[in-house]
Amino acid sequence: MLQVNYIVDNRDHVLERLAVKNFKQPELVDEIIWLDHRRRRTQMPLNLAESQANAEAKKVGELMREGKKGEAEEAKLNAGRYKEEIKKLNETLEEIEKEIQEKLVLLPNLPHASVPNGLTPEDNEVVLENGAKPNLPADALPHWELAAKYNLIDFELGVKITGAGFPVYKNKGAKLQRALINYFIDEAEKAGYKEVSVPLMVNEASGFGTSQLPDKEGQMYFVGLDNLYLIPTAEVPITNLYRDVILKADELPIRNCGHTPCFRREAGSYGAHVRGLNRLHQFDKVEIVTIGHPDESYDILEKMSAHVQGLLQKLGLPYRVLRLCGGDMGFGSALTYDMETWSAAQKRWLEVSSVSNFESFQSNRLKLRFRNAEGKTQLAHTLNGSALALPRIVATLLENNQTEKGIKIPEVLVPYTNFEWIE
RNA sequence: GGAGAGAUGGCAGAGUGGUCGAUUGCGGCGGUCUUGAAAACCGUUGACUGUUAAAGGUCCGGGGGUUCGAAUCCCUCUCUCUCCGCCA
């Protein structure tokens with residue numbers, strides 16, 4: 001959530017940046033500025049009336065103690081006169097504040113200066129490509145056929161017990177998945193991220209804090225009986241650990257990692273692109289989250305990006321890094337890098353990680369602050385990234401490493417799987 | 001599922017109608033003393049809003065009410081804890 005004062009002080013800049021994000025309701029900006037003016041014009045007389053009423057009320061107490069009953073009664077009447085005015089102004093003020101809030105939550109974050117213009121994924125900027133794409137024989141299989149051939153994943157069984165998009169992992173498929181999770185967590189810890197294990201359901205305040213709510217409500221599974229949401233990503237519980245917290249400057253940066261299943265309704269998706277592991281309602285992910293000083297957040301973003309790339313390199317997967325264009329970026333992000341691996345049998349790039357700097361967009365909602373050099377509270381910056389999302393990694397590993405003999409497990413994983421081949 | 005208790009500043013814990021944004025202790029910060037540290041002592045220490053700076057205003061779980069005046073009284077919601085039951 002943007003700060004009202006910032007919008008008021010930087011109107012033109014805000015409008016210009018929102019245009020890069022292809023924001024469709026720029027009129028909200030001026031509406032907010034106008035409402036803020038009204039808020040101030042209401043606040044001032046209200047505070048004055050409150051001040052006078054307070055003074056009269058205090059006087060009543062003093063007069064009563066001195067036994068001046070008549071004067072006390074008079075003061076009571078005086079104080080009573082402010083009451084109606086206060087009530088009226090207060091109602092107006094609350095109305096204005098509510099309206100500001102309603103408009104404010106509709107504004108996305110402002111994109112960083114380096115974000116390319118554009119509307120669709122085609123407009124994303126390819127920052128770099130790394131690793132050689134394997135040359136597979138013409139009869140190479142997509143991962144869903146490999147999964148069936150080697151009895152690794154049972155999609156039909158998942159449909160039976162739950163529904164489409166909830167696969168059942170079996171045999172070496174289950175072990176490969178567990179190996180990857182442990183590997184990713186170990187690597188994150190080596191890089192300085194402290195592991196946390198967090199709840200998979202969150203309340204409404206948490207959903208709001210990281211800006212899934214109110215705008216992306218339909219994307220989350222909701223447990224109505226208890227008013228809880230299944231997490232779409234570990235970003236939500238991990239970042240919300242620091243909701244309503246004022247940190248010391250020397251505590252920054254705070255770095256956490258964690259493995260969780262993620263649940264996504266993904267309403268409206270279907271077809272070839274969601275085949276197999278490409279798109280699921282439930283999947284596992286290791287997430288890295290950093291809370292950093294505003295001056296350092298873009299350095300931190302590069303480090304997080306480098307960590308993710310390091311994982312892909314060690315797994316021997318060809319990948320590319322995209323800088324998302326304004327139109328393709330998430331609602332709360334100021335700059336996002338997407339990492340995609342080359343799926344050799346499907347012959348397409350698959351997104352396996354998304355690393356974002358939210359600047360103070362989330363922390364403003366979270367009330368996540370630190371005490372700066374002047375001793376004043378200041379909003380911290382929040383960042384997060386997948387390191388990594390499991391299913392598409394499994395998919396590309398299966399596809400890219402298929403041979404006549406079977407599927408070769410990357411060397412770094414063997415200590416975790418305890419097998420070298422899936423045969 | 002049943003019964004009860006509670007929600008106050010970073011933490012602990014006072015406060016049952018007026019001078020309470022809130023006693024006190026711990027913790028934090030600054031200082032005295034010390035070669036240095038500890039101890040002791042002195043001082044300081046909530047957030048938000050507002051202003052050039054003040055003043056002023058709001059906040060004692062959320063919302064509503066009574067009153068000239070509410071942390072304190074009433075209603076309501078939410079959450080937490082304890083005991084019993086069930087259970088990984």
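Each chain gets a letter, A, B and so on, in the order its sequence line appears, and its residues count up from 1. Just so you know, these numbers use all the heavy atoms, side chains as well, and skip hydrogens, waters and symmetry mates.
Between A/Arg369 and A/Gln52, the residue anchored nearer the 5' end of RNA chain B, judged by the nucleotide with its closest heavy atom, is A/Arg369. Comparing A/Gln43 and A/Asp226 by the nucleotide of RNA chain B whose heavy atom lies nearest to each, the residue mapping closer to the 5' end is A/Gln43.
In this entry B/rA70 has no Watson-Crick or G-U wobble partner, no candidate having both defining distances under 3.5 Å. Across all strands shown, B/rU52 has no partner, as no Watson-Crick or G-U wobble contact with both distances under 3.5 Å is found. Across all strands shown, B/rA7 pairs with B/rU78; the Watson-Crick or G-U wobble distances both stay below 3.5 Å. Across the strands present, B/rG46 finds its partner in B/rC59; the criterion is a Watson-Crick or G-U wobble pair with both atom distances under 3.5 angstrom. As the counterpart of B/rA40, B/rU32 is assigned, both hydrogen-bonding distances of the Watson-Crick or G-U wobble pattern falling under 3.5 Å.
Of the candidate nucleotides B/rG50, B/rC48, B/rG18, B/rC48 has the atom lying nearest to any side-chain atom of A/Thr377. For A/Arg371, whose side chain is taken as the heavy atoms from C-beta onward, the closest listed nucleotide among B/rG57, B/rA47, B/rC48 is B/rA47. Listed nucleotides B/rC68, B/rC48, B/rU51 differ in distance to A/Ala79; the shortest reach to its side chain belongs to B/rC68. The side chain of A/Val60 approaches B/rG18 more closely than any other nucleotide in the set B/rG56, B/rG18, B/rC48.
Atoms NZ (A/Lys58) and P (B/rG18) sit 14 Å apart, rounded to a whole Å. Summarising the geometry, the separation between NZ on A/Lys376 and P on B/rC48 is reported as 10 Å, rounded to the nearest angstrom. Atom CD in A/Glu94 sits roughly 11 Å away from atom C1' in B/rU58 (whole-Å rounding). Between the P atom of B/rG69 and the CD atom of A/Glu50 lies a distance of 12 Å, rounded to the nearest Å. Rounded to a whole Å, the CG atom of A/Asn227 is 10 Å from the P atom of B/rU78. Rounded to a whole Å, the NZ atom of A/Lys76 is 16 Å from the P atom of B/rG17. What separates CG of A/Leu228 from C1' of B/rC79 is a distance of 12 Å, to the nearest Å. B/rU49 atom P lies 21 Å from atom CG of A/Leu48, rounded to whole Å.
Across B/rA71 and B/rG65, the matching P atoms stand 15 Å from one another, rounded to whole Å. For the P atoms, the distance from B/rA12 to B/rG63 is 23 Å, rounded to whole Å. When the P atom is compared between B/rG61 and B/rA55, the two are found 27 Å apart, to the nearest whole Å. Using C1' as the reference atom, B/rC75 and B/rC81 are 24 Å apart when rounded to the nearest Å. B/rC60 sits 9 Å from B/rG9 when the C1' atoms are compared, rounded to a whole Å. Annotation: B/rA70 and B/rU58 have their P atoms spaced 10 Å apart (nearest Å). Nucleotides B/rA47 and B/rC11 have their P atoms positioned 13 Å apart, rounded to a whole Å. Taking atom P on both nucleotides, B/rA54 is separated from B/rC48 by 14 Å, rounded to a whole Å.
Ring-plane geometry between A/Tyr193 and A/His307 is classed as tilted, the angle between the planes lying from 30 to 60 degrees on a 0 to 90 degree scale. Using the six-membered ring where Trp is involved, A/Tyr221 and A/Phe263 have ring planes that are perpendicular, over 60° apart on the 30 and 60° scheme. Using bins of under 30°, 30° to 60° and over 60° for the plane-to-plane angle, the ring pair A/Phe361/A/Phe331 lands in the perpendicular bin.
The distance from atom OG1 of A/Thr382 to atom CG of A/Asn364, rounded to the nearest 0.5 Å, is 10.5 Å.
In this structure, A/Asn54 reaches the sugar-phosphate backbone alone: every heavy-atom distance under 4.0 Å involves primed, P, OP1 or OP2 atoms, never a base. No engagement by A/Glu56 is indicated, since no non-hydrogen atom pair under 4.0 Å with the nucleic acid exists.
Ring to ring, A/Phe370 and A/His293 are close: their centroids are under 6.0 angstrom apart.
Between A/Arg40 and the phosphate of B/rU51, there is a side-chain N or O to OP1/OP2 separation shorter than 4.0 Å.
The neighbour count for A/Glu145 CD, taken as heavy atoms of other residues, nucleotides or ligands under 6.0 Å away, is above 12. Residue A/Gln43 places its CD atom among more than 12 non-hydrogen atoms of other residues, nucleotides or ligands, all under 6.0 Å distant.
Between the side chain of A/Asn47 and the base of B/rG57, no donor-acceptor pair under 3.5 Å is found.
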